Novice: 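A single structure is presented below for examination.
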2 protein chains.
Amino acid sequence: MEGQELIRAQISKRRQGPPTRIQRINEARILEAAEEIFALNGYSGAVLERIAERAGISKPNLLYYFKSKKILYQEVLEHTVETWLVPLEEIEESDEPAEAFERYIRIKVEYSRTHPFASKVWANELIHGAPHIGRYLKRRLQPLIDEKARIIEHWIKQGKMDPIDPYHLFFIIWAATQTYADFGEQAAIVKGKKQLTKADFDTAADTITAIVLKGTGMVGAG
Amino acid sequence: MEGQELIRAQISKRRQGPPTRIQRINEARILEAAEEIFALNGYSGAVLERIAERAGISKPNLLYYFKSKKILYQEVLEHTVETWLVPLEEIEESDEPAEAFERYIRIKVEYSRTHPFASKVWANELIHGAPHIGRYLKRRLQPLIDEKARIIEHWIKQGKMDPIDPYHLFFIIWAATQTYADFGEQAAIVKGKKQLTKADFDTAADTITAIVLKGTGMVGAG
DNA sequence: AGCATTTTTGACCAATCAGTCAAAAATTGA
DNA sequence: TCAATTTTTGACTGATTGGTCAAAAATGCT
């Protein structure tokens with residue numbers, strides 16, 4: 001269990017032409033089912049039979065589309081990472097810090113609410129030390145964060161916000177926004193509910209936004 | 001995999017008197033080894049043979065001390081939860097909010113640094129919906145949080161801090177402090193390091209403390 | 001020393017599960 | 001219609017692993 005290297009290269013490519021209608025439907029169904037099963041059980045705990053079942057096909061049929069459990073898992077991971085990075089890319093130097101971060105926080109909380117399985121798969125991979133996707137992450141995430149860190153440092157020089165370590169600021173925001181997906185059950189238990197509601201997520205976004213914006217001096221103390 | 005009920009009741013109690021020296025040593029060794037293996041591999045991915053190996057004994061011998069994998073896992077969980085709750089209990093109404101929260105944040109970051117495996121085991125359990133420890137959590141954590149929430153609401157009424165949802169404040173602090181243990185590899189990758197250093201944890205504690213204290217109005221805007 | 005109790009382990013079993021394979025069924029294209 | 005291709009699956013296999021058991025080894029006690 002220590003995957004790496006370019007994921008694309010490992011994926012079953014037995015096709016010559018474009019994917020058929022059946023292929024597109026089945027692969028999409030499998031990936032969706034896999035996301036949920038991997039999220040709920042982890043990599044080792046996930047059983048291919050159950051993923052196939054949930055996708056409405058047989059296990060050998062699943063293996064026909066994805067040559068191995070590992071490859072299927074990596075496809076799921078890659079999909080979640082890319083979605084995860086999109087809102088980060090939208091932070092630009094020309095933005096007002098308060099607006100950029102409020103938008104970023106709200107998008108990430110909303111993503112936690114609508115894609116809890118994706119977030120959990122991702123969290124699981126990270127907890128175990130990113131064994132399947134570490135190298136990819138280094139190539140893809142590190143340069144992106146370095147770029148955004150420079151933007152924040154620029155904002156700090158301009159006096160638009162307090163002097164804060166940009167990396168830790170991102171860690172805190174990631175942690176705070178994703179905790180509602182990853183540890184949603186804990187939050188629900190603490191709040192005495194069966195499940196978090198949309199209102200809970202909205203309050204979460206409000207609270208995180210308020211603390212981060214005021215706490216970093218992006219907006220004047222209220 | 002949906003354990004519950006009083007954990008103590010399930011644990012092998014074949015003893016009449018107090019534990020012997022050998023028992024204490026071996027049980028401690030096993031629990032320490034188990035914590036690491038469960039943290040690194042998850043419940044399903046953890047192999048008893050490996051835990052035994054790391055504890056320096058044979059697998060049947062491990063099963064002699066803990067009757068099943070599930071029971072061993074629950075013992076590890078229970079141990080981590082109790083440690084986790086200690087600093088929370090220390091927050092008291094007579095405290096100054098800024099002092100109480102700064103202390104709480106620093107203790108939790110330090111705990112993340114010194115007990116990364118415990119934190120990961122715990123995170124893993126929560127991600128999967130707290131299947132083994134959900135009920136215990138409800139009985140133990142919920143009342144405690146309710147109590148601390150009342151203290152915070154009292155502080156808010158006294159004008160000692162901004163009106164903030166106390167539950168979400170705790171979620172944010174838990175997430176921010178534990179992210180350095182749970183997702184430490186990600187943080188290291190982003191920072192271009194192999195591993196986080198003590199200095200990184202100190203900066204983390206400083207940053208979280210600064211943002212939370214200022215962001216909640218516990219200290220005047222600097 | 002010698003007996004009782006605790007501790008330790010090799011050998012084994014049964015269940016689970018990723019992955020294979022050959023053949024059947026469905027689909028496509030002329 | 002009918003042959004070529006793609007899709008689907010039942011039946012297997014081999015490896016892994018949680019847990020058992022009986023017997024051996026170590027320890028404690030008088």
Side-chain angles (χ1 to χ4, degrees), chain A residues 1-3 10-31 33-34 36-38 40-77 131-132, chain B residues 1-3 10-31 33-34 36-38 40-77 131-132:
Chain A
M1 217 226 267
E2 27 67 52
Q10 295 184 7
I11 292 166
S12 71
K13 285 304 158 211
R14 61 201 128 49
R15 291 174 203 141
Q16 24 272 66
T20 67
R21 193 182 55 92
I22 291 178
Q23 282 167 356
R24 263 183 291 117
I25 291 175
N26 279 343
E27 289 180 1
R29 272 192 187 164
I30 292 170
L31 284 172
E36 179 172 345
I37 302 294
F38 279 127
L40 263 32
N41 304 282
Y43 178 80
S44 310
V47 177
L48 289 185
E49 183 85 48
R50 300 301 271 271
I51 296 174
E53 188 185 326
R54 177 146 287 235
I57 60 174
S58 66
K59 185 178 66 164
N61 199 191
L62 184 155
L63 267 326
Y64 169 76
Y65 287 102
F66 297 90
K67 285 218 178 89
S68 74
K69 184 181 186 179
K70 187 172 169 180
I71 288 170
L72 172 59
Y73 178 66
Q74 287 176 323
E75 283 260 27
V76 171
L77 270 185
H132 297 86
Chain B
M1 215 225 271
E2 27 66 54
Q10 295 183 7
I11 291 168
S12 70
K13 287 302 157 213
R14 60 201 130 50
R15 291 173 202 141
Q16 23 273 63
T20 67
R21 192 182 56 92
I22 291 178
Q23 281 167 356
R24 265 184 291 116
I25 289 175
N26 280 341
E27 290 180 1
R29 271 193 188 165
I30 292 169
L31 285 172
E36 179 172 345
I37 301 295
F38 280 128
L40 262 29
N41 304 282
Y43 178 80
S44 311
V47 177
L48 289 185
E49 184 84 49
R50 300 300 273 269
I51 296 175
E53 187 186 329
R54 177 146 287 236
I57 60 173
S58 67
K59 186 179 63 166
N61 199 189
L62 184 155
L63 267 325
Y64 170 74
Y65 287 101
F66 298 89
K67 283 219 178 90
S68 72
K69 182 181 186 178
K70 188 172 169 179
I71 288 169
L72 173 58
Y73 178 66
Q74 288 176 323
E75 284 260 28
V76 171
L77 269 184
H132 297 86

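Just so it is clear, the structure is predicted and the values come from calculations on it, not from any experiment. Below, chains carry the letters A, B, ... as their sequence lines are ordered, and counting in each starts from 1. Only this structure's heavy atoms are used, side chains among them; waters, hydrogens and symmetry mates stay out.
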Novice: For residues 52-61 of chain A, run the donor-acceptor check on the side chains, cut-off 3.5 Å, and write out each pair with its distance to 0.1 Å, sequence neighbours left out.
Specialist:
{"from": "A:R54", "atom 1": "NH1", "to": "A:E36", "atom 2": "OE1", "distance (Å)": "2.9"}
{"from": "A:R54", "atom 1": "NH1", "to": "A:E36", "atom 2": "OE2", "distance (Å)": "2.8"}
{"from": "A:S58", "atom 1": "OG", "to": "A:N61", "atom 2": "N", "distance (Å)": "3.3"}

Novice: Has B:Q23 got a side-chain N or O lying under 4.0 Å from the OP1 or OP2 atom of C:dT6?
Specialist: no
Novice: Do B:L48 and B:L63 come within less than 4.5 Å of each other through their side chains, counting heavy atoms only?
Specialist: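 B:L48 reaches B:L63 side chain to side chain.
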Novice: Show your reasoning for whether side chain to side chain contact (heavy atoms under 4.5 Å, CB included) applies to A:L77 and A:F38.
Specialist: CA-CA 10 Å; A:L77 270 185; A:F38 279 127; over 6 Å; no
Novice: Could you tell me the separation between the CD1 atom of B:I22 and the P atom of D:dA25, rounded to a whole number of Å?
Specialist: 17 Å
Novice: Specify the separation, in whole Å, of atom CG of A:N26 and atom P of C:dA26.
Specialist: 15 Å
Novice: Please report the C-alpha distance between A:L31 and A:L72 in whole Å, then the side-chain angles of each, then the deciding distance to 0.1 Å, and finally whether the side chain to side chain contact (heavy atoms under 4.5 Å, CB included) criterion is met.
Specialist: CA-CA 8 Å; A:L31 284 172; A:L72 172 59; 4.0 Å; yes
Novice: Rounded to whole angstroms, how far apart are CZ on B:R50 and P on D:dT16?
Specialist: 11 Å
Novice: Report the distance from atom CG of B:N41 to atom P of D:dT16, rounded to the nearest whole Å.
Specialist: 15 Å
Novice: What does the B/S/- profile of nucleotides 9-25 of chain C look like, 5' to 3', with a 4.0 Å heavy-atom cutoff to protein?
Specialist: BB------SBBBB----
Novice: Determine whether B:I22 and B:Y65 satisfy the following criterion, side chain to side chain contact (heavy atoms under 4.5 Å, CB included), listing intermediate values before the conclusion.
Specialist: CA-CA 11 Å; B:I22 291 178; B:Y65 287 101; 3.5 Å; yes
Novice: Please check if the side chain of B:K69 supplies one atom and the backbone of B:A46 the other of a donor-acceptor pair under 3.5 Å.
Specialist: yes
Novice: Measure from CD1 on B:I25 to P on C:dT8 and round the result to the nearest Å.
Specialist: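 After rounding, the gap between these two atoms is 10 Å.
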Novice: Write down the distance between CZ (A:R29) and C1' (D:dT7), rounded to a whole number of angstrom.
Specialist: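 These atoms are roughly 14 Å apart.
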